[in-house]
Visitor: 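Input: one structure, supplied below.
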2 protein chains.
Amino acid sequence: MYTYEHPHPAVTTDVVVFTIRDERLQVLLVKRRNPPFTGCWALPGGFVNIDEDIEACALRELQEETGVSGVFLEQLYTFGAPDRDPRERVITVTYYALVPHDHIRIEAASDASAATWFDCTDLPALAFDHDQVIATALKRLRAKLQYSTVAFQFLPDKFTLSELQRVYEIILDQTLDKRNFRRRMLSYGLLAATEEKVRNGNHRPARLYRPQTPGRVEFIK
Amino acid sequence: MYTYEHPHPAVTTDVVVFTIRDERLQVLLVKRRNPPFTGCWALPGGFVNIDEDIEACALRELQEETGVSGVFLEQLYTFGAPDRDPRERVITVTYYALVPHDHIRIEAASDASAATWFDCTDLPALAFDHDQVIATALKRLRAKLQYSTVAFQFLPDKFTLSELQRVYEIILDQTLDKRNFRRRMLSYGLLAATEEKVRNGNHRPARLYRPQTPGRVEFIK
DNA sequence: TGCCTAAGTGTTCAGAAAACACTAAGCTTT
DNA sequence: AAAGCTTAGTGTTTTCTGAACACTTAGGCA
């Protein structure tokens, strides 16, 4: 048991894990096995260990739930309404993560009871204030698409410009002009053309590109 | 005394209070009277009460230190490196506030021991990781100037376009073209011209404008 | 060989941002 | 009363950026 002179809140991290699957932007949710909100869907997350850095905690949760590491993770917002958890005062530092779609087979490797991907546009009822958290993450992600290279984080090491364009279209939910999109992306000088091409159907093969600074999210504009 | 099954961190809020004084962007700092970092300058802040909303805590600290209320306050980032406070694990949710320069007489009304304004470009050694917090706040403020009307929050209810331009110039540390600046500001339709003018020296008086939505920060661009 | 499909490529137009200099209004000085 | 000082206030031109738009290319398949 641990005692303090003044009452202390508990601190958790919750992570909004985004990926693009089946041409949809999806979020990873887990089914809660314990009260409160037993049986309810919730964001993966958990308590910050007393000697653990907050971001390290988010990374750990991400690893435990999805098996992935080395992916984009950014602090989002800290939610702490006094009554957001009926058990005790809980303040949650939220993060969002972007996982490339070719990594998510690892989902099966998760120890999680029932971890499932949900369409962002078709979410179930959520525990706590997690609907608010996801809404905030979505807003941030959409904003960040406009002025950074976050979108690369959804794709494997090498990808085609059409794949990249699809990422933008799916997240922003609007079609984009192919020529303008390509010109813009290449003008930043953050993509290197490779000599490789991929055949992906009965049509002309597409050239693969790779980020100049893989793993880093650069500012554009 | 309060006991828990698992160890809990303490949670604080710290507030970066910005104002514009003497043609400089300044930050409010208080001199610490207690360990750790006794005698060191630090951001105003303190522990979150167990039933208190986090933002309410920041507002309270702001009120206690500066006497001001009803000003712009926004959550910035949550810092929680395990060793950032030598006493115990402390996670701090930081905010930044913008205070109009004509409100800051209230500074005297503060109960704070030694609360003083410092030029952002000439800060003393700071307690904890508060240098990092201020750096983060500055970055956010500069970014936000570009795509919102935050700058209005530094000024009284009514102000001249020249005053507004000075706010931009001081924060961004660059001179701006007067005609382009005015055209841009007025084009957003977020400023209403009043019939009032202010004489402020031996020259032509300037027209006063007031925000269409005082208190609200609108997005531009 | 012809057809199907997605990859790849330029130009034009419109709106936004940047550069740039003089007149207006009130005060002060003589 | 006139001249001079100081900041307020105002348009036009040019440059750049973003938006609109259609056809050719490369390979697979029948």
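Here is how names work: the chains are called A, B, and so on, in the same order as the sequence lines, proteins then strands, and each is numbered from 1.
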Visitor: Is any N or O donor-acceptor pair between the side chain of B:Lys178 and the base of D:dA8 shorter than 3.5 Å?
Guide: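 It does, because a donor-acceptor pair links the side chain of B:Lys178 to the base of D:dA8 below 3.5 Å.
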
Visitor: If you count heavy atoms of other groups shown closer than 6.0 angstrom to CZ of B:Arg60, is the number above 12?
Guide: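 Atom CZ in B:Arg60 is crowded, with more than 12 foreign heavy atoms closer than 6.0 Å.
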
Visitor: Rounded to whole Å, please give me the gap between CG in A:Asn202 and C1' in C:dG2.
Guide: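 After rounding, the reported distance stands at 14 Å.
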
Visitor: Check the distance between C:dA25's C1' and B:Arg199's CZ and give it to me in whole angstrom.
Guide: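 Computing the B:Arg199:CZ to C:dA25:C1' distance gives 11 Å.
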
Visitor: Taking CZ from B:Phe181 and P from D:dG9, how many angstroms apart are they, rounded to a whole number?
Guide: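 After rounding, the gap between these two atoms is 13 Å.
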
Visitor: Other residues, nucleotides and ligands only: do more than 12 of their heavy atoms fall within 6.0 Å of CZ on B:Arg142?
Guide: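 More than 12 heavy atoms, drawn from other residues, nucleotides or ligands, come within 6.0 Å of this atom.
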
Visitor: Could you tell me the separation between the CD atom of A:Gln174 and the C1' atom of D:dA20, rounded to a whole number of Å?
Guide: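 For the pair A:Gln174 CD and D:dA20 C1', the rounded distance is 14 Å.
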
Visitor: Check the distance between D:dT17's C1' and A:Tyr188's OH and give it to me in whole angstrom.
Guide: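 Between C1' of D:dT17 and OH of A:Tyr188: 10 Å.
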
Visitor: Please tell me which of the listed nucleotides, C:dG8, C:dA25, D:dG11, lies nearest to the side chain of B:Asn180?
Guide: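 My answer, after comparing the listed nucleotides, is D:dG11.
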
Visitor: Could you say whether A:Arg184 or A:His203 is positioned toward the 5' end of DNA chain D, judged by the nucleotide with the nearest heavy atom to each?
Guide: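 It is A:Arg184, whose closest nucleotide lies nearer the 5' terminus.
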
Visitor: From CG of A:Asp177 over to C1' of C:dG8, roughly how many Å is that when rounded to an integer?
Guide: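 It is 13 Å, rounded to the nearest whole Å.
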
Visitor: So if I take every side-chain heavy atom of A:Arg204 and compare against C:dA6, C:dA24, C:dC20, which nucleotide ends up nearest?
Guide: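 The listed nucleotide nearest to A:Arg204's side chain is C:dA6.
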
Visitor: Verify the contact: side-chain N or O of B:Arg179 to OP1 or OP2 of D:dG11, cut-off strictly under 4.0 Å; return yes or no.
Guide: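 B:Arg179 to D:dG11 OP1/OP2: no side-chain N or O under 4.0 Å.
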
Visitor: C:dG15 P sits how many Å from B:Lys221 NZ, rounded?
Guide: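 In whole Å, C:dG15 P and B:Lys221 NZ are 19 Å from each other.
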
Visitor: Got a sec: does the CZ of A:Arg207 have more than 12 other heavy atoms crowding it under 6.0 Å?
Guide: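 Yes, enclosed.
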
Visitor: May I ask you to evaluate whether A:Arg182 reaches the phosphate of C:dG8, defined as a side-chain N or O under 4.0 Å from OP1 or OP2?
Guide: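 Checking A:Arg182 against C:dG8: at least one side-chain N or O falls below 4.0 Å of OP1 or OP2.
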
Visitor: Would you mind checking if B:Glu163 and B:Arg166 are paired as a salt bridge, meaning a charged N to carboxylate O distance below 4.0 Å?
Guide: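 Looking at B:Arg166 and B:Glu163, the cut-off is not met.
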
Visitor: With a 4.0 Å limit, can you tell me whether A:Ser162 has a side-chain N or O closer than that to the phosphate oxygens OP1/OP2 of C:dA7?
Guide: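 The answer is yes; a side-chain N or O of A:Ser162 sits under 4.0 Å from OP1 or OP2.
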
Visitor: Separation of A:Leu172 atom CG from D:dA19 atom C1', in whole Å?
Guide: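 To the nearest whole Å, that distance equals 16 Å.
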
Visitor: On DNA chain D, does the nearest nucleotide to A:Arg183 precede the nearest nucleotide to B:Asn200 from the 5' side, or the other way round? Give the residue.
Guide: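 In this pair, the answer is B:Asn200.
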
Visitor: So, B:Phe159 versus B:Phe152, ring centres under 6.0 angstrom or not?
Guide: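 Yes, close enough.
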
